[in-house]
Amino acid sequence: MSVLACAFGAALAAQSTQSPPPFRSGVDLVHLDVSVLDRDRRPVKGLTAADFTIAEDGKPQAVAAFSEVDLPDPPPAPVAWMRDIAPDVKRNSDVADRRLVVIVMDDATIPWDLAMIKSAREIGRLTVERLGPNDLACVVFTRDNRNAQEFTNDRTRLLKAIDAFEYGGRNVALPRDAVDAPGMVLAETPALYASIDTIRRVAEALASLPQRRKAVIYVTVGVPADLTSGAEVVIASPGNPAGGEIGAAMRRIFDFMSDTYRKAQRANVNVYTVSPAGVGGMDQYIQSQRWQGKYVPAYETQANYFDFLVGVAENTGGRAFPDRNEFGTALASIFQENSSYYLVGYQPPNPALDGKYRRVEVKVNRPGVTVRTRSGYYNAKAKVEEANAASPLTSALSGLLPKTDVPLDVMAAPFAIPGKAEVGVAIVLTVHENLPARTARTVEDVELQVTAFTQEGAQRGASRMNAKVTMRPGPAGPAEYEVLSQIVLRPGRYQLRMSAKTSGQTGSVYYDIDVPDFGARSLSISGLVLSSDPRPAVSSADPIKAFMPIAPTARREFSVTDKVTAFAKVYQGGRDPVAATTVTVKITDAAGALRLNRSELIMGGDALAGRNQRPVGTPSDVVSVDRSLEFRMDLSLRTLPAGEYLLTLEASTSRGQAQRHVRFRVR
């Protein structure tokens with residue numbers, strides 16, 4: 001589900017030796033994240049609460065909570081897989097206290113120029129390279145969000161979205177609240193409004209996260225908004241046939257931009273503009289259009305594009321990089337500015353939910369510094385009718401980030417359904433809960449809702465269930481249990497949004513998943529799942545027993561004495577005879593050394609006959625009803641030292657290869 005389609009339109013610190021310090025404060029405090037920069041835009045460190053002065057509507061306020069955040073650059077990963085392969089289990093606790101980076105790829109206005117398109121992708125990739133595992137980033141497009149990526153720390157998914165950037169052209173849908181199409185002139189293209197509207201909606205969505213550190217990297221050539229034309233009456237002429245309308249058009253554009261700036265300032269969203277045009281690139285492009293005999297209006301100048309980039313950055317507290325051929329230093333400075341900041345909280349003098357705007361001003365008693373924070377907030381009225389309309393489970397799915405009141409972990413794995421185009425997705429949801437002391441077995445009731453959205457925000461499936469989990473006797477305190485469920489989807493890219501309600505509390509967790517078309521691919525692998533003994537208490541396996549003969553777990557940390565089994569299915573699609581398949585299993589440690597590397601050839605005739613085979617490990621049943629063979633292997637952990645590992649399952653035939661990975665830890 002794209003950020004624009006779901007959260008912005010409807011609804012990560014760099015890897016370091018320390019995470020952002022917890023900002024412990026009452027929920028009734030006003031939270032501010034504050035940047036303090038010197039004359040060279042370097043962060044000023046070491047300040048204390050006594051150095052800050054806060055005023056709301058001109059009245060001084062006492063600092064009630066204060067914390068300094070300093071996030072050093074990420075050290076290189078010891079081995080590539082630890083950087084490039086994300087865990088298959090997602091936790092809603094992973095979004096807490098994270099820096100948020102929004103990468104906006106402007107496919108609405110960047111022109112058809114191979115060098116600019118290549119540079120735009122380079123800027124996006126360099127941004128991803130700067131992220132550490134404690135950052136959360138998303139990729140948003142201004143025109144076509146089919147390849148957008150929601151907030152994640154999965155580098156592979158982010159890079160895939162960046163690489164999907166293409167020239168979008170200027171044939172885009174006009175935002176509903178922009179201007180009326182019949183009154184538009186050439187200066188008011190839908191693409192221009194789509195580009196600015198994206199930034200406006202990003203700011204609106206991020207305003208719901210006032211205590212988070214947020215940065216927007218806007219990869220764009222800009223738009224030729226001409227302030228002079230907006231201030232003067234321009235007379236039409238043969239060389240400028242729309243001149244009489246341009247002034248009014250530019251004024252409408254600047255009104256739209258001003259509204260965007262206000263929203264960004266109030267949300268403390270800093271927009272950094274980085275142009276992929278290169279030194280003199282837009283001037284060369286404009287001249288080339290004229291040389292080809294195309295009409296180019298007078299306001300289409302490199303200076304106007306340049307001014308737009310600078311204006312967006314300066315009006316939102318960001319920084320503009322409009323004219324350069326090398327982008328690494330620009331991104332390094334952007335991340336440096338956002339790596340050191342202060343979290344400040346104060347008690348609002350008027351906590352009434354009256355819907356009025358409160359103006360906030362923050363000063364620091366150091367000469368020559370620049371202070372950046374949000375300029376105010378709305379103490380919005382509670383919308384009782386909306387709150388009553390949605391169930392707690394549904395409400396927990398609507399946020400930009402998941403709800404963390406109930407800590408949740410989730411694993412999801414796709415499996416083919418014989419004879420159907422749809423795919424079954426098996427889901428394991430781990431609930432972490434503080435339970436009272438239990439002198440006998442007790443039953444925990446869990447309500448679970450799973451909803452699947454496309455990258456454009458369209459709902460494509462939903463399931464809801466009530467589960468019961470029997471808990472053994474035990475002392476009061478933290479406990480965990482697992483709920484098994486499933487959802488059936490057609491092949492495609494989805495974000496699964498899952499919410500669970502137990503003991504009156506509701507939490508949610510989001511999971512990006514690619515659902516393969518197993519029948520159309522010559523070779524593919526289902527999800528690679530693990531089971532363990534011992535394992536947490538678990539609900540009935542009925543929802544997923546059609547997909548696998550084991551009860552999977554979302555646990556990924558094991559003792560050397562645990563019995564761990566890996567399971568997957570290898571599929572051969574199409575109608576050709578089932579080919580001989582080589583199945584290989586590998587375990588790689590955190591230094592890149594192979595701790596296990598075994599292969600075995602499974603003959604196609606054996607698969608068709610449905611005979612029992614031994615493809616690497618304990619015996620497996622090879623079935624033919626869905627043109628698949630099963631892989632099942634008991635993992636021996638006793639020989640593995642404590643640490644991080646990568647389990648890889650590879651399948652190969654004469655027609656192709658397929659892989660699945662699972663990260664796990666041995667303690």
Side-chain angles (χ1 to χ4, degrees), residues 1 87-93 391-398 402-417 420 422-433 443-454 459-471 479-503 505-516 526-532 535-556 567-569 662:
M1 160 185 347
D88 69 318
V89 174
K90 304 301 180 184
R91 298 176 171 85
N92 62 1
S93 59
S391 71
L393 286 175
T394 301
S395 297
L397 302 179
S398 62
K403 185 178 181 182
T404 59
D405 290 1
V406 177
L408 301 172
D409 309 340
V410 69
M411 183 281 299
F415 286 84
I417 301 177
K420 292 188 177 181
E422 292 82 6
V423 174
V425 179
I427 297 170
V428 183
L429 185 75
T430 304
V431 180
H432 300 269
E433 186 179 1
V443 175
E444 291 296 315
D445 293 308
V446 183
E447 294 181 60
L448 175 65
Q449 180 170 324
V450 182
T451 307
F453 295 91
T454 67
Q459 183 175 324
R460 288 291 182 263
S463 67
R464 190 162 182 166
M465 63 176 289
N466 294 321
K468 295 183 180 295
V469 182
T470 301
M471 302 295 295
E480 64 178 33
Y481 52 88
E482 295 183 330
V483 179
L484 306 182
S485 64
Q486 57 87 19
I487 187 171
V488 176
L489 299 169
R490 297 189 67 84
R493 289 181 63 208
Y494 300 94
Q495 184 175 81
L496 303 180
R497 294 198 164 200
M498 288 151 279
S499 58
K501 181 181 179 183
T502 179
S503 302
Q505 295 290 316
T506 306
S508 59
V509 61
Y510 304 161
Y511 195 97
D512 294 308
I513 188 170
D514 296 321
V515 177
S526 71
L528 178 57
V529 301
L530 302 181
S531 68
S532 69
R535 64 171 296 157
V538 62
S539 66
S540 169
D542 287 348
I544 64 169
K545 65 181 181 182
F547 304 141
M548 66 191 81
I550 67 172
T553 181
R555 259 190 189 170
R556 291 297 180 264
F567 176 85
K569 285 188 174 184
V662 168

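Numbers for residues simply follow the sequence, beginning at 1.
- Heavy-atom minimum distance, S539 versus A467: CB-CB, 4.2 Å.
- From D542, atom CG reaches atom CD of Q486 across 11.0 Å, with rounding to the nearest 0.5 Å.
- Residues Y481 and T502 meet the side-chain proximity criterion, which asks for heavy atoms closer than 4.5 Å.
- The closest side-chain heavy-atom distance from P536 to T553 is below 4.5 Å.
- Separation of atoms NZ (K403) and OG (S499) is listed at 9.5 Å; rounding is to 0.5 Å.
- In terms of heavy atoms, L489 sits closest to L496 at CD1-CD2, 4.0 Å.
- In this structure a side-chain-to-backbone donor-acceptor pair under 3.5 Å is present from E482 to A554.
- Within the 4.5 Å cutoff, the side chain of F547 has no heavy atoms near those of the K569 side chain.
- Using a 4.5 Å heavy-atom cutoff, the side chains of E433 and Q505 are not in contact.
- If you take CD on E447 and CG on N466, they are separated by 5.0 Å, rounding to the nearest 0.5 Å.
- A distance of 10.5 Å separates CE in M411 from CG in L429, rounded to the nearest 0.5 Å.
- Closest approach of R91 and D409 over heavy atoms only: CG-OD1, 3.0 Å.
- Considering only heavy atoms from C-beta on, V431 comes within 4.5 Å of L408 through its side chain.
- Rounded to the nearest 0.5 angstrom, Y510 OH and M498 CE are separated by 10.0 Å.
- Going from atom CD of Q449 over to atom OG1 of T506 covers 10.5 Å, rounded to the nearest 0.5 Å.
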**OP:** Go through the steps for R556 and D88 under the test salt bridge (Lys or Arg N to Asp or Glu O under 4.0 Å), then give the verdict.
**Re:** CA-CA 9 Å; R556 291 297 180 264; D88 69 318; 2.9 Å; yes

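- Taking 4.5 Å as the limit, every side-chain heavy atom of L448 sits out of range of all side-chain heavy atoms of I427.
- A donor-acceptor contact shorter than 3.5 Å is absent between the side chain of S531 and the backbone of A551.
- Scanning both residues, L484 and P552, for their nearest heavy atoms gives CD2-O, 4.0 Å.
- Between E444 and S503 there is a side-chain heavy-atom pair separated by less than 4.5 Å.
- Pairing each heavy atom of V423 with each of F415, the nearest pair is CG1-O, 3.2 Å.
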